[in-house]
Amino acid sequence: MADLSVDTINSILSNVVDKYTEQDIVSSNAINSIDIDGEKVTITIELNYPASGYHDELKQQVTDALAAKDINNVDVNIETKIIKYSTQKGVEILSEVKNIIAVASGKGGVGKSTTSVNLALALQAEGAKVAILDADIYGPSQPRMLGVSNLKPDTTAEGKLLPILGHGMQSMSIGYLVDEDNPMIWRGPMVTQALEQMLRDTLWRGVDYMIIDLPPGTGDTQLTLSQKIPVSGSVVVTTPQDIALLDARKGLKMFEKVNIPILGVVENMSLHICSKCGHEEAIFGVGGGASMAQESDVNFLGALPLEMDIRTDVDEGTPTVARDPNGRVAEIYKEIARKVSAKLTQQDRAVSAFPSITIE
């Protein structure tokens with residue numbers, strides 16, 4: 001057996017790499033404590049992103065590394081502590097929201113809203129407190145996707161809106177405030193004002209991640225997002241075909257120009273599997289999202305199949321991650337959620353606007 005000391009344990013564990021942050025757990029300061037009591041070693045690991053589905057695998061990595069050095073009496077605990085990361089300078093923060101992640105697409109019809117709600121639910125399933133803001137003023141879809149389109153938000157005495165809970169997740173949308181069939185015939189300034197009011201006049205509570213479901217394109221709403229909303233990172237959704245990729249590249253360039261970090265690219269409808277015969281066919285092309293991510297030097301977060309259940313689940317108000325949390329598609333969304341949140345941990349942590357002052 002190796003000599004039991006904290007330095008020895010740290011030396012061994014410096015070879016254990018977190019596959020999502022791609023850093024070893026020692027140099028990344030993921031090890032919170034190492035307690036040695038005789039031959040018993042208790043290790044506490046603190047991850048700054050939600051990854052409950054990865055905890056068992058990481059524990060096994062740690063115990064295997066120590067067992068290889070004949071240290072076998074080991075107890076590993078993994079805790080989650082999500083912190084706030086930096087945003088654009090000069091933008092007013094939200095005290096109850098730690099991180100805002102914008103989900104965008106260059107064009108409509110690529111499944112951005114479906115990806116947004118399932119990503120939000122996947123982050124929640126992995127252990128985070130999550131909210132979703134539907135920023136598509138002209139075509140709000142989150143109320144129906146969350147199965148709460150018949151609800152209206154209450155208002156506090158101070159005039160704050162109370163978010164609607166859907167599948168245990170806080171949400172706000174213009175769809176809660178107007179009838180579903182009423183078109184929003186508004187000019188750009190009214191749209192951007194409505195977006196900012198929904199964000200700042202809603203009484204959010206203890207949110208680790210807020211997903212903002214943006215409208216397609218690169219217009220007024222996206223510009224407001226970059227100038228007035230404290231965004232920690234962005235995700236771009238595309239499909240494999242050339243036209244979608246062309247527009248998705250514009251989305252990537254938009255975030256680059258407004259200095260919002262790009263956490264990665266999700267490819268939707270990547271492969272169709274026939275429900276009758278099981279034949280697989282890449283209807284919209286092959287590998288377009290992965291190629292675009294590689295060319296743009298951003299993360300490729302994952303590919304989702306063209307599957308009828310994904311569409312019917314949101315139509316019925318029970319997104320796939322909520323309806324079938326242990327299914328194959330839900331696992332893909334959870335993998336994407338772990339990659340997104342782990343990528344965010346590579347950014348600078350947010351600092352207080354004012355230094356702490358000590359008088360002696």
Visitor: Could you tell me the separation between the CG atom of Asp35 and the CD1 atom of Ile9, rounded to the nearest 0.5 Å?
Guide: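 With rounding to 0.5 Å, CG (Asp35) is 11.0 Å from CD1 (Ile9).
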Visitor: Over all heavy atoms of both residues, which pair between Asp309 and Thr320 is shortest? Give the atoms and the distance, please.
Guide: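 Minimum heavy-atom contact is O-OG1, 4.1 Å.
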Visitor: Can you tell whether the side chains of Glu331 and Arg328 come within less than 4.0 Å, N to carboxylate O?
Guide: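 No salt bridge links Glu331 with Arg328.
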Visitor: So, are Lys129 and Asp208 salt-bridged, with charged N and O less than 4.0 Å apart?
Guide: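 No salt bridge links Lys129 with Asp208.
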Visitor: Are any of the side-chain heavy atoms of Leu199 and Val97 separated by less than 4.5 Å?
Guide: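 They are not in contact (no side-chain heavy atoms under 4.5 Å apart), so the answer is no.
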Visitor: Should Glu316 and Arg323 count as an ion pair when the cut-off is N to O under 4.0 Å?
Guide: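 So Glu316 does not pair with Arg323 through a salt bridge.
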Visitor: Taking side chain as C-beta onward, heavy atoms only, is Thr114 less than 4.5 Å from Arg311?
Guide: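 Not touching, per the 4.5 Å side-chain cut-off.
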Visitor: Under 4.5 Å between side-chain heavy atoms, hopping through other hydrophobics if needed: is there a path connecting Leu151 to Met198?
Guide: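 Same cluster: Leu151 reaches Met198 through Ile, Leu, Val, Met, Phe, Trp or Tyr contacts under 4.5 Å.
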Visitor: Nearest heavy-atom pair of Tyr54 and Glu126: which atoms, and what distance?
Guide: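 For Tyr54 versus Glu126, the nearest heavy atoms are N-OE1, 4.4 Å.
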Visitor: Contact between Leu177 and Lys152 at the side-chain level, heavy atoms closer than 4.5 Å - yes or no?
Guide: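 They are not in side-chain contact.
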Visitor: With a 4.5 Å cut-off on side-chain heavy-atom distances among I, L, V, M, F, W and Y, is there a chain of contacts connecting Ile101 to Val91?
Guide: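 Ile101 does not cluster with Val91.
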Visitor: Distance from Thr345 atom OG1 to Tyr20 atom OH, nearest 0.5 Å?
Guide: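 Here the interatomic distance stands at 13.0 Å.
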Visitor: Decide if atom NZ of Lys160 counts as having more than 12 heavy atoms of other residues, nucleotides or ligands within a radius under 6.0 Å.
Guide: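 Yes, the 6.0 Å shell around NZ holds more than 12 heavy atoms from other groups.
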Visitor: Do Val235 and Ile336 touch side chain to side chain, with heavy atoms closer than 4.5 Å?
Guide: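 Sidechains of Ile336 and Val235: no contact.
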Visitor: Might you point out which heavy atoms bring Ala51 and Leu47 nearest each other, and give the distance in Å?
Guide: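 Closest pair (atom of Ala51, atom of Leu47, distance): CB-CD1, 4.5 Å.
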Visitor: Answer with yes or no whether the hydrophobic clustering places Val41 together with Val26; edges join I, L, V, M, F, W, Y residues whose side-chain heavy atoms lie under 4.5 Å apart.
Guide: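 As far as the 4.5 Å side-chain criterion goes, Val26 and Val41 are connected within one cluster.
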Visitor: So which of Ser171, Ser173, Ser113, Ser141 actually passes side-chain hydrogen bond (donor to acceptor under 3.5 Å, both in side chains) with Asp134?
Guide: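 Only one option passes, and that is Ser173.
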Visitor: What are the two closest heavy atoms between Tyr209 and Pro50, and how far apart are they?
Guide: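 The pair with the smallest heavy-atom distance is OH-CD, 3.3 Å.
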Visitor: Is any side-chain heavy atom of Ile211 less than 4.5 Å from a side-chain heavy atom of Val103?
Guide: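 Yes, their side chains come closer than 4.5 Å.
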Visitor: Take a 6.0 Å sphere around CZ of Arg200 and say whether it holds more than 12 heavy atoms from other residues, nucleotides or ligands.
Guide: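 Counting neighbours around CZ of Arg200, more than 12 heavy atoms of other residues, nucleotides or ligands fall under 6.0 Å, so yes.
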Visitor: Please report the shortest heavy-atom distance between Glu96 and Gly206, naming the atom on each side.
Guide: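 What the structure gives for the nearest pair is OE1-N, 2.7 Å.
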Visitor: Going by distance alone, is a donor N or O of one side chain under 3.5 Å from an acceptor N or O of the other, for Gln142 and Asp213?
Guide: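 There is such a pair (donor and acceptor under 3.5 Å, judged by atom type) between the side chains of Gln142 and Asp213.
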Visitor: Would Ile34 and Leu58 show up in the same hydrophobic cluster when neighbours are defined by side-chain heavy atoms closer than 4.5 Å?
Guide: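 Cluster IDs for Ile34 and Leu58 match.
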Visitor: Are Leu66 and Leu13 packed together at the side-chain level, in the sense that at least one heavy-atom pair is separated by less than 4.5 angstrom?
Guide: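 Leu66 reaches Leu13 side chain to side chain.
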Visitor: Is the closest side-chain heavy-atom distance between Pro319 and Asp313 below 4.5 Å?
Guide: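 Answer no - side chains too far apart.
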Visitor: Please examine the side chains of Gln193 and Met190, heavy atoms only from C-beta on, and report whether any two atoms are closer than 4.5 Å.
Guide: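 No, too far: nothing below the 4.5 Å cut-off.
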Visitor: Kindly work out whether a path of hydrophobic side-chain contacts (I/L/V/M/F/W/Y, heavy atoms less than 4.5 Å apart) joins Tyr176 to Leu165.
Guide: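 No, Tyr176 and Leu165 fall in different hydrophobic clusters.
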